[in-house]
A.B. asks: 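Pasting a structure here, questions to come.
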2 protein chains.
Amino acid sequence: MATRSEYATRPRERIAGVLRGARRFFSAAEVHRELTAQHVRVALSTVYRTLEHLREKGEATIRVDDTGEATYMFCEPAQHHHHAICNGCGRVEDVDCSAVEQFADSLRNLHGFLLDAHTMEFYGRCAACR
Amino acid sequence: MATRSEYATRPRERIAGVLRGARRFFSAAEVHRELTAQHVRVALSTVYRTLEHLREKGEATIRVDDTGEATYMFCEPAQHHHHAICNGCGRVEDVDCSAVEQFADSLRNLHGFLLDAHTMEFYGRCAACR
DNA sequence: ATATTTGCAAATAATTTGCACGTAA
DNA sequence: TTACGTGCAAATTATTTGCAAATAT
């Protein structure tokens, strides 16, 4: 027993390589396109499975963009933080925000709402793109 | 000229009626299911078109949920505010948050990031559900 | 009248799945 | 070996579109 998965295969390495290439979110189609450009043939379904696999391992974060497409990015365990996404290059910066605790209090006071979780994203221009 | 659309049709009234029924987000499928339950026959494509139409008119807000499904809710012009979504009943409460201005400043100072827009959502239990 | 809206069926797009074959350990 | 991974093609799901018929103004 103690069946642990984890085979280091070429397709997986290449897919992870694409994510490692830039700190931004990639859709399965983008990863696949990138690999094709590198003359690496991988099935699109494998890209989907691998991205989901990375997420299960906690190595990647998922984000459903406003068109409904799922995108992934390498992202540390993420002790709660938020993302600032550049509209120019897509680069993502982590934003720690402890001030959120205050929101939680006012939410309870003003709305009687008990906070379990929250998401925040900021869009704009990173230092390099503006 | 001055071609203005806007026909008050029965399907549109019924679809709007569903949204009016609860202050929460509905997917096209949910609206359609609801109407079917009310013995109102409307094409699913009409639901899609009508929801999108309501959004264009500024009467409804769209939200792509974590599964990638588009959902809509009636929502006032929305002088910038955020949503507190109940995990129990889905009810949505508006959360005004002027404190965000402060975030904008620290973002610029800490990351050199110029903020254009942002989104925030809070999940938890509303007063009625906890 | 006539411009807009609807229903229906077919087309897309993103994602998932079944399965025979390939491969890491 | 043999359990896990991959490719491929077919199946799902959510959403969109073309077009003739229905409807609001």
Side-chain angles (χ1 to χ4, degrees), chain A residues 1-19 24-73 90, chain B residues 1-19 24-73 90:
Chain A
M1 50 238 68
T3 316
R4 289 282 93 238
S5 46
E6 211 45 34
Y7 278 17
T9 69
R10 181 138 170 295
R12 288 188 173 179
E13 280 164 16
R14 306 310 299 253
I15 292 166
V18 172
L19 290 200
R24 68 178 185 82
F25 287 92
F26 289 87
S27 67
E30 281 177 322
V31 171
H32 190 256
R33 210 175 298 133
E34 177 68 28
L35 291 176
T36 300
Q38 296 173 21
H39 304 294
V40 177
R41 269 179 64 92
V42 186
L44 180 54
S45 57
T46 298
V47 176
Y48 275 106
R49 284 185 281 223
T50 300
L51 291 175
E52 191 46 32
H53 179 248
L54 287 171
R55 191 176 71 82
E56 281 164 4
K57 284 203 302 173
E59 293 188 15
T61 300
I62 190 175
R63 171 177 126 83
V64 176
D65 70 23
D66 55 350
T67 74
E69 232 188 313
T71 59
Y72 298 78
M73 175 179 73
Chain B
M1 54 232 79
T3 317
R4 290 282 93 233
S5 46
E6 211 47 29
Y7 279 18
T9 69
R10 181 137 171 295
R12 287 188 173 180
E13 281 165 16
R14 305 309 300 255
I15 291 166
V18 172
L19 290 200
R24 67 176 186 81
F25 287 93
F26 289 86
S27 67
E30 281 177 321
V31 171
H32 190 257
R33 210 176 298 136
E34 177 69 27
L35 290 176
T36 299
Q38 296 173 19
H39 303 293
V40 177
R41 269 180 63 91
V42 185
L44 181 55
S45 59
T46 298
V47 176
Y48 274 106
R49 284 185 282 223
T50 299
L51 290 175
E52 191 46 32
H53 177 249
L54 287 172
R55 192 177 71 81
E56 280 164 4
K57 284 204 301 176
E59 294 187 14
T61 301
I62 190 176
R63 171 177 125 83
V64 176
D65 71 20
D66 55 351
T67 73
E69 232 188 312
T71 59
Y72 298 78
M73 175 178 73

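Naming: A, B, ... by sequence-line order, numbering from 1 per chain.
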A.B. asks: Give the minimum heavy-atom separation between B:Pro11 and B:Thr46, together with the two atoms involved.
C.D. replies: CB-CG2, 4.2 Å
A.B. asks: A:Glu69 and A:Ala29: which non-hydrogen atoms are nearest, and at how many Å?
C.D. replies: OE2-CB, 4.4 Å
A.B. asks: Quick one: are B:Leu51 and B:Leu19 in side-chain contact, heavy atoms under 4.5 Å?
C.D. replies: yes
A.B. asks: Let me know which of B:Arg12, B:His32, B:Glu30 forms a side chain to side chain contact (heavy atoms under 4.5 Å, CB included) with B:Val47.
C.D. replies: B:His32
A.B. asks: For nucleotides 11-16 of chain D, tabulate all protein N/O to nucleotide N/O atom pairs closer than 3.5 Å, reporting atom names and distance.
C.D. replies:
| from | atom 1 | to | atom 2 | distance (Å) |
| --- | --- | --- | --- | --- |
| D:dT15 | OP1 | B:Ala70 | N | 2.8 |
| D:dT15 | OP2 | B:Tyr48 | OH | 2.7 |
| D:dT15 | O5' | B:Tyr48 | OH | 3.4 |

A.B. asks: Whole-Å distance between C:dA13 C1' and A:Glu30 CD?
C.D. replies: 15 Å
A.B. asks: Taking only N and O in the side chain of A:Arg14, is any of them less than 4.0 Å away from OP1 or OP2 of D:dT6?
C.D. replies: no
A.B. asks: What integer distance in Å separates A:Leu51:CG from D:dG5:C1'?
C.D. replies: 15 Å
A.B. asks: Working to the nearest 0.5 Å, report the span between CD of B:Glu56 and CD1 of B:Ile62.
C.D. replies: 10.5 Å
A.B. asks: What does the B/S/- profile of nucleotides 19-25 of chain C look like, 5' to 3', with a 4.0 Å heavy-atom cutoff to protein?
C.D. replies: -----BS
A.B. asks: Mind checking the CZ-CZ spacing from B:Phe26 to B:Arg33? Nearest 0.5 Å is all I need.
C.D. replies: 11.0 Å
A.B. asks: What residues form a side-chain contact (heavy atoms from CB on, under 4.5 Å) with B:Val40, not counting sequence neighbours?
C.D. replies: B:Arg14, B:Leu35, B:Gln38, B:Val42
A.B. asks: Starting from C1' on C:dA14, measure out to CD on A:Glu52 and report it in whole angstrom.
C.D. replies: 14 Å
A.B. asks: How would you list all residue pairs meeting salt bridge (Lys or Arg N to Asp or Glu O under 4.0 Å) that involve residues 57-67 of chain B, not counting sequence neighbours?
C.D. replies: B:Glu6-B:Lys57, B:Lys57-B:Glu59, B:Arg63-B:Glu121
A.B. asks: Measure CD/B:Glu13 against C1'/D:dT23 and give the value in whole Å, please.
C.D. replies: 13 Å
A.B. asks: For the residue pair A:Thr61 and A:Tyr72, establish whether any side-chain heavy-atom pair is separated by less than 4.5 Å.
C.D. replies: no
A.B. asks: If we ignore hydrogens and angles and just use 3.5 Å, is the side chain of A:Glu52 paired with the main-chain N or O of A:Arg49 as donor and acceptor?
C.D. replies: no
A.B. asks: Report the residues that fulfil side chain to side chain donor-acceptor pair (under 3.5 Å) with B:Thr71, sequence neighbours left out, ordered by chain and then residue number.
C.D. replies: none
A.B. asks: Using the C1' atoms of five pairs at each end, what's the angle between the two axes of the helix from C:dA1-D:dT25 to C:dA25-D:dT1, to 10 degrees?
C.D. replies: 30°
